Amino acid sequence: QVQLVQSGGGLVQAGESLRVSCAASGRSFGDYAMGWFRQPPGKERESVAAISWDGSATRYLDSVKGRFTVSRDNAKNTVYLEMNSLKPEDTAVYYCAARQVSWLPFYVSDYDYWGQGTQVTVSS
C-alpha cells in the first residue's frame with residue numbers, strides 16, 4: 001500500500017522549466033516502479049515517463065525526450081519530473097503513479113496507485 005501526494009505544478013511561460021514532485025507515504029518505496037502521466041484538456045491520459053524501482057531503467061514519450069527527466073530519491077520516498085523547454089502543448093494535469101514490480105511499467109493500465117494530479121500550464 002502506498003499513498004502518493006504531488007506538488008510543484010503551476011503556470012510558466014514557454015521555454016521555462018518546472019519540476020513536479022511525487023512523495024510516497026507507504027513502506028517499501030524502493031520496491032515500486034514509478035510513472036508520470038498527463039491529461040491535456042479534452043484528451044485522454046497519456047504516458048510521459050517512467051522509472052524502475054532502482055532507477056536503472058527509464059522510458060519517455062517521444063515528444064518529451066531530451067526535455068523531460070524522471071528521477072527518484074528512494075531515501076526521501078520521492079520521484080521527480082524535471083520539465084525543461086516547456087511548450088504550450090505540454091499543458092495538462094500531471095499525475096504520478098506506482099506499481100510494486102521489478103520491471104518497468106509504462107502505460108496507464110500498468111499502474112494501480114495514483115496521485116491526485118497537479119496542473120501544469122504553459123503560456124505562449
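As the structure is a prediction and not an experimental result, all values here were calculated from the model.
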Open item on the list: Checking side-chain polar atoms at under 3.5 Å, does Q119 have a donor or acceptor matched by the opposite partner on T121?
Closed with: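 A pair is found: one side chain offers a donor N or O, the other an acceptor, under 3.5 Å apart.
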
Task: Side-chain donor-acceptor pair present, D73, T78, cut-off under 3.5 Å - done: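 No.
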
Using 0.5 Å steps for rounding, measure from the [atom1] atom of [X] to the [atom2] atom of [Y].
X	Y	atom1	atom2	value
K65	T58	NZ	OG1	9.5 Å
E16	S123	CD	OG	7.5 Å
Q6	C22	CD	SG	5.0 Å

- [ ] Would you verify whether the NZ or CZ of R72 falls within 45 degrees of the ring axis of Y80 while also being under 6.0 Å from that six-membered ring's centre?
- [x]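 That pair does not qualify as a cation-pi contact.
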
Task: Stacked cation flag R45 on W114, 6.0 angstrom / 45 deg - done: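 So R45 does make the cation-pi contact.
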
Could you pull out the closest heavy-atom pair between [X] and [Y], with the gap in Å?
X	Y	result
S63	R67	O-NH2, 3.0 Å
A33	P105	CB-CD, 3.3 Å
N77	N74	OD1-O, 3.0 Å
Y95	G115	CD2-O, 3.8 Å
P88	S124	CG-CB, 3.9 Å

Open item on the list: Apply the hydrophobic cluster definition, ILVMFWY joined by side-chain contacts under 4.5 Å directly or through others, and give me every member besides V120.
Closed with: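 Its cluster partners, ordered by chain and number, are V2, L4, V12, L18, V20, F29, Y32, M34, W36, V48, I51, Y60, L61, V64, F68, V70, V79, L81, M83, L86, Y94, Y113, V122.
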
- [ ] Output all residues satisfying side chain to side chain donor-acceptor pair (under 3.5 Å) with Q100, sequence neighbours left out; order by chain, then residue number.
- [x]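 Partners of Q100 by the side chain to side chain donor-acceptor pair (under 3.5 Å) criterion come out as none, since no residue qualifies.
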
Open item on the list: What I want to find out is whether K87 reaches D90 closely enough, with some N-O distance under 4.0 Å, to be called a salt bridge.
Closed with: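 The answer is no: the pair does not qualify as a salt bridge.
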
Task: Residues in side-chain contact (heavy atoms from CB on, under 4.5 Å) contact with A50, at least two apart in sequence or another chain - done: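 Applying side-chain contact (heavy atoms from CB on, under 4.5 Å) to A50 gives L104, F106, Y111.
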
Task: Side-chain donor/acceptor of E44 to backbone N/O of Q39, under 3.5 Å - done: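 Checked: no pair found.
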
Task: S52 vs W103 side-chain heavy atoms within contact, under 4.5 Å - done: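 S52 vs W103: side chains apart.
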
Open item on the list: With a 6.0 Å cut-off (strictly less than), is the heavy-atom count around CD of Q3, excluding the residue itself, greater than 12?
Closed with: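 It does not: Q3 CD has 12 such atoms or fewer within range.
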
